[in-house]
Q: 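What follows is a single structure, and I will ask about it in a moment.
Sequence lines set the chain letters: A, B, ... in the order given, protein chains first and strands last, and positions in each chain run from 1.
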Protein chains: 2
Amino acid sequence: MVTTAGRAPQRGPRRASISDVAQEAGVSLGTVSNVLNRPDRVSPTTRAKVLAAIEHLSFVPNGSARQLRAGTITTVGAILLDIANPFFTEVARGIEDRLAQADHTLMLASSDEDPEREARYLRLFEEHGVLGMLVTPASTDLEPLLELSRRGVGVVLLDRTSPAEELSSVAVDDVAGAAMAVEHLLSLSHRRIAFINGPQSIAQCVDRRAGMVRALEAAGLDPDEAMVEITVSSLNAEGGEAGVTELLAAGTAPSALFCVNDLTALGAMRALRSHGLAIPEDMAVVGYDDVNFASMLMTPLTSVRQPTRQLGEVAADLLLKAAGPGMAAPQRIEFQPELVVRASSGGAR
Amino acid sequence: MVTTAGRAPQRGPRRASISDVAQEAGVSLGTVSNVLNRPDRVSPTTRAKVLAAIEHLSFVPNGSARQLRAGTITTVGAILLDIANPFFTEVARGIEDRLAQADHTLMLASSDEDPEREARYLRLFEEHGVLGMLVTPASTDLEPLLELSRRGVGVVLLDRTSPAEELSSVAVDDVAGAAMAVEHLLSLSHRRIAFINGPQSIAQCVDRRAGMVRALEAAGLDPDEAMVEITVSSLNAEGGEAGVTELLAAGTAPSALFCVNDLTALGAMRALRSHGLAIPEDMAVVGYDDVNFASMLMTPLTSVRQPTRQLGEVAADLLLKAAGPGMAAPQRIEFQPELVVRASSGGAR
DNA sequence: TTGAAAGCGCTAACAG
DNA sequence: CTGTTAGCGCTTTCAA
C-alpha cells in the first residue's frame with residue numbers, strides 16, 4: 001500500500017538535492033555527503049567528480065535538513081530594542097565581529113520596544129533552532145527568557161542586568177550613569193530638572209530614573225518636587241519632541257532637562273529651538289549614550305558614554321562560551337559609564 | 001540488521017517533539033499536527049488534551065523539520081551595506097513594517113560593504129530557505145544574485161537599479177541627486193569641488209560620481225580639473241575624517257566638498273573643524289541621505305533627501321508579490337531625490 | 001475524527 | 001574509499 005505523500009509547494013523547478021548530485025556524479029548519496037563534510041575521506045578523483053556535479057547543478061545544501069539531522073548550529077539571534085538607535089547598531093557591530101571570528105552568523109531583529117514583537121522574534125528564533133539569543137528585553141517580565149534558557153537555548157541579556165541567577169547579562173551601570181548626569185546638572189545649580197523618560201517596562205528607563213532620584217536625594221532634594229518627569233512612548237527623536245512640547249505646555253518649565261537617551265535629546269533640542277529657547281541658557285540639556293553625532297550637534301551634547309562595542313563583544317563571547325563545551329555558568333558583567341561634558345549643559349569650561 | 005543511527009549533539013534534555021506531545025496526550029502524532037495546523041478538524045476534547053500536553057511540555061515546533069517537510073516559508077532576508085548608517089536602518093524599518101503586515105519576518109544582516117560577508121549571508125539565507133532577499137549589493141558583480149534568482153529565490157535589489165531584466169529593483173536616482181547637489185554648489189560660484197567618495201565597487205559611489213561629472217560638464221567645466229576626488233574605504237564618519245585629512249595634506253584644497261553620504265560628511269566636518277576651517281566660509285559641505293540629525297548639526301547640513309522608508313516598503317511589497325501566487329514579473333522602480341539646502345553649503349537664505 | 005505511514009534532504013554509523 | 005541505511009521532527013495523504 002504505497003501512498004504518495006503530499007509535496008511541498010514549489011517555486012520554480014525543484015532545487016537540486018544531494019541525491020541529484022549523487023546521480024549526476026555517478027556515486028552514492030553518502031559519498032556526496034562525505035565530500036561536503038569530510039572531504040579527506042574521499043579520493044581526489046571522486047571528489048572532483050562530485051564537485052563538478054555540484055557546480056553544474058548549482059547545488060546548495062538544504063540547511064533545514066542538515067540542521068534537523070545534525071543539529072549543526074552556527075546561528076545566533078539578537079533582538080534589540082531599536083535598530084534605528086546608533087547605540088544599538090554599534091552594539092550589533094560588536095556582536096557581529098565576535099561571531100564572525102568564531103565563524104558564526106548573526107540574525108538581527110528589532111523589537112521596537114514592543115513586547116509582542118519581541119515574543120514573535122523569540123519564537124521565530126527558537127523554532128529556527130538558533131544556538132542562542134542576545135536580547136535587550138522590551139518588558140520587565142523575564143519569565144519567557146528564563147523558560148527559553150531552561151529549554152536549553154542560550155540566552156544573554158544585553159544592556160540589562162540579570163535579576164536571576166540563571167541568566168547571563170552584560171550591562172552598564174545605568175543607575176550610576178544617570179546619577180552622574182544629574183549630579184552634573186546639580187553642580188551647575190539647577191534645582192528643578194525635567195526628565196524625559198520612556199515607559200517603565202524598559203529596564204533602562206527604570207534604572208536611569210533611579211539614578212536621577214538617587215542623585216536628587218543625595219543633594220537633599222525631594223524628587224517629587226525637583227524632578228519633572230515626562231513619559232513618552234518611544235525613545236527616539238519624535239519622543240523627545242513630544243516630550244518638550246508637553247513640558248512647555250505645562251508651564252513653569254525647569255531650567256534643565258535630562259533625556260533618557262541621545263535620540264530623545266536630539267528631538268528635545270529640536271523642539272526647544274523651535275520654541276525659541278536657547279541651549280543651555282534657557283534650558284540645559286543632557287543626553288545618554290554619547291552617540292557618534294553627539295559632539296557634532298549645533299550645541300554639542302553632554303552625554304553619558306558607554307563602552308558600546310565592548311558590550312556587544314562581551315555578550316557574544318558569553319553566549320559562545322555558555323553554548324560551547326563545558327557549558328560555562330551564567331555570569332553577570334557590568335561596565336561603568338562615563339560623563340562627557342559638552343556645551344549643551346553649560347558645564348564645559 | 002538494525003543499527004543505531006547517529007544522534008545529534010544535545011544541549012540539555014532533548015527538546016520535546018510532536019510525538020512526545022502525542023504520547024503525553026494519549027493521541028497519535030498526526031492528531032497533534034492537526035491541532036497545530038488545522039485545529040477545526042479536531043474535536044474540542046482532543047484538542048484540549050493536546051493543548052494541555054503542549055503547555056505542559058513547553059513544546060515548541062521544530063522549524064527546520066516543518067520547513068523541510070512543508071516548505072512553509074515566512075522569512076525574508078535583507079542584506080544591507082551598513083547597518084550603522086541611519087539611512088539603511090530607516091530602510092529596514094520600512095521593510096519590517098510591510099513584512100509584519102503580511103505576517104512575515106525579517107532577518108537582517110550587514111555586509112559592511114564587504115562582498116565576502118555579503119556572499120556569506122547570501123548563502124546562509126539561501127540554505128535557511130528564505131522566501132527571498134532584499135539586498136544592497138556590495139559589489140558590481142550581480143551574477144551571484146542572478147543565479148540565486150534563477151534558482152527560485154526571490155531577489156530584490158535595494159537602493160540599486162537593476163541592470164538586468166530578470167531582477168527587480170527599488171532605487172532612487174542617484175545620478176540626479178548628486179547632480180542636484182553639485183549644481184547647487186556651482187550656483188554658489190564654487191569652481192573646484194572636492195568629492196569624498198567610496199570604492200567604485202559600490203553602485204551608489206559610481207552613480208553619485210556620474211551625477212557630479214554630469215553637473216560639472218553641463219556647466220562647461222572639465223571634471224579632471226574641477227573635481228578633486230578622494231576615495232575612502234568605508235562610507236562612515238571615519239572615512240570622512242580620513243578623506244579630509246588627505247585632502248588638506250595635498251594642499252590647494254577646493255572651496256567646496258561633496259560627500260557621498262551624510263555619515264562621511266559628519267566625519268569630514270569634524271576633521272575640517274579640528275583643522276580650524278570654518279563651514280561654509282572656508283569650505284562649503286554637502287552630504288547625501290538627509291539623515292535625521294543632519295538638520296541639527298553644529299552647521300546644519302545641506303543634503304539630498306530620499307524617500308527612505310518608502311524604499312523599504314516598496315521593496316518588501318515587490319518581493320512579496322513576486323513570491324506570492326501569480327509570480328509577478330520583475331519590476332524596476334525608481335524614486336526621485338530632493339535637495340535640502342541648509343547652512344553647511346552657505347546657500348540658505 | 002483519528003491513526004498509520006510515507007517521505008522532505010541530510011548525516012553518520014557501519015559493512016563491504 | 002564507497003555504498004547502504006536509519007532516522008532527525010514534521011505534514012499530509014489515505015484508510016478506518
Q: Please determine whether a side-chain nitrogen of the Lys or Arg among A/R93 and A/E313 lies less than 4.0 Å from a carboxylate oxygen of the Asp or Glu.
A: no

Q: If an axis is fit to five pairs at each end of the helix from C/dT1-D/dA16 to C/dG16-D/dC1, what is the angle between the two, to the nearest 10°?
A: 40°

Q: Does B/S33 reach a base, just sugar-phosphate, or nothing at all? Heavy atoms under 4.0 Å.
A: base

Q: Do the non-hydrogen side-chain atoms of B/R160 and B/S169 ever get within less than 4.5 Å of each other?
A: no

Q: Rounded off to whole Å, could you give me the CG-to-C1' distance for the B/L29 and D/dC8 pair?
A: 13 Å

Q: Under the salt bridge (charged side-chain N to carboxylate O under 4.0 Å, His left out) test, which residues partner B/E147, sequence neighbours left out?
A: B/R151

Q: Quick one: list whatever passes ring-ring contact (aromatic ring centres under 6.0 Å, His included) with A/H128, sequence neighbours left out.
A: B/H128

Q: What pairs with B/D114 under salt bridge (charged side-chain N to carboxylate O under 4.0 Å, His left out), at least two apart in sequence or on another chain?
A: none

Q: Any idea which of D/dC8, C/dC10, D/dC10 is nearest the A/R66 side chain?
A: C/dC10

Q: Any ring-ring contact (aromatic ring centres under 6.0 Å, His included) pairs touching residues 139-160 of chain A, not counting sequence neighbours?
A: none

Q: Please report, rounded to the nearest Å, how far the C1' atom of C/dG9 is from the CG atom of B/N62.
A: 14 Å

Q: Please tell me which of the listed nucleotides, C/dC10, C/dT2, C/dC8, lies nearest to the side chain of B/L68?
A: C/dC8

Q: Apply side chain to side chain contact (heavy atoms under 4.5 Å, CB included) to B/S19 and list each qualifying residue two or more places apart in sequence or on a separate chain.
A: B/S17, B/L29

Q: Rounded to whole Å, please give me the gap between CD in B/Q67 and C1' in D/dC10.
A: 12 Å

Q: Find the distance B/N34:CG to D/dT13:P and express it as a whole number of Å.
A: 11 Å

Q: For D/dC10, does OP1 or OP2 lie under 4.0 Å from any side-chain N or O of B/S64?
A: no

Q: Please determine if a side-chain N or O atom of B/S28 lies less than 4.0 Å away from the OP1 or OP2 oxygen of C/dG3.
A: yes

Q: Using the side chain to side chain contact (heavy atoms under 4.5 Å, CB included) criterion, which residues pair with A/A100? Sequence neighbours excluded.
A: B/R120

Q: Among all residues two or more places apart in sequence or in another chain, which pass the side chain to side chain contact (heavy atoms under 4.5 Å, CB included) test with A/S33?
A: A/I18, A/N37

Q: Looking only at the side chain of B/R69 (C-beta and beyond, no hydrogens), which of the listed nucleotides D/dT5, D/dC8, D/dT12 gets closest?
A: D/dT12

Q: Among D/dC10, D/dT12, D/dC8, find the nucleotide with the atom closest to the side chain of B/A70.
A: D/dT12

Q: Strictly below 4.0 Å, heavy-atom distances to any atom of DNA chain C: list the hits from residues 48-60 of chain A, or just say none.
A: A/F59

Q: If we ignore hydrogens and angles and just use 3.5 Å, is the side chain of B/Q204 paired with the main-chain N or O of B/D159 as donor and acceptor?
A: yes

Q: Mind checking side chain to side chain contact (heavy atoms under 4.5 Å, CB included) for A/R47 and listing every partner two or more places apart, or none if nothing turns up?
A: A/V35, A/P39, A/V42, A/P44, A/L51

Q: Taking only heavy atoms on the protein side, list every residue of residues 35-42 of chain A lying under 4.0 Å from any atom of DNA chain C, sorted numerically.
A: A/N37, A/R38

Q: Can you measure A/H128 atom NE2 to D/dC10 atom P for me and round it to whole angstrom units?
A: 15 Å

Q: What integer distance in Å separates B/E127:CD from C/dG9:P?
A: 15 Å

Q: B/I18 CD1 to C/dA5 C1': how many Å, rounded?
A: 14 Å

Q: Of all residues at least two apart in sequence or in a different chain, which pass the salt bridge (charged side-chain N to carboxylate O under 4.0 Å, His left out) check with B/R332?
A: B/E165

Q: Output yes when at least one side-chain N/O atom of A/T31 is less than 4.0 Å from OP1 or OP2 of D/dT2, else no.
A: no

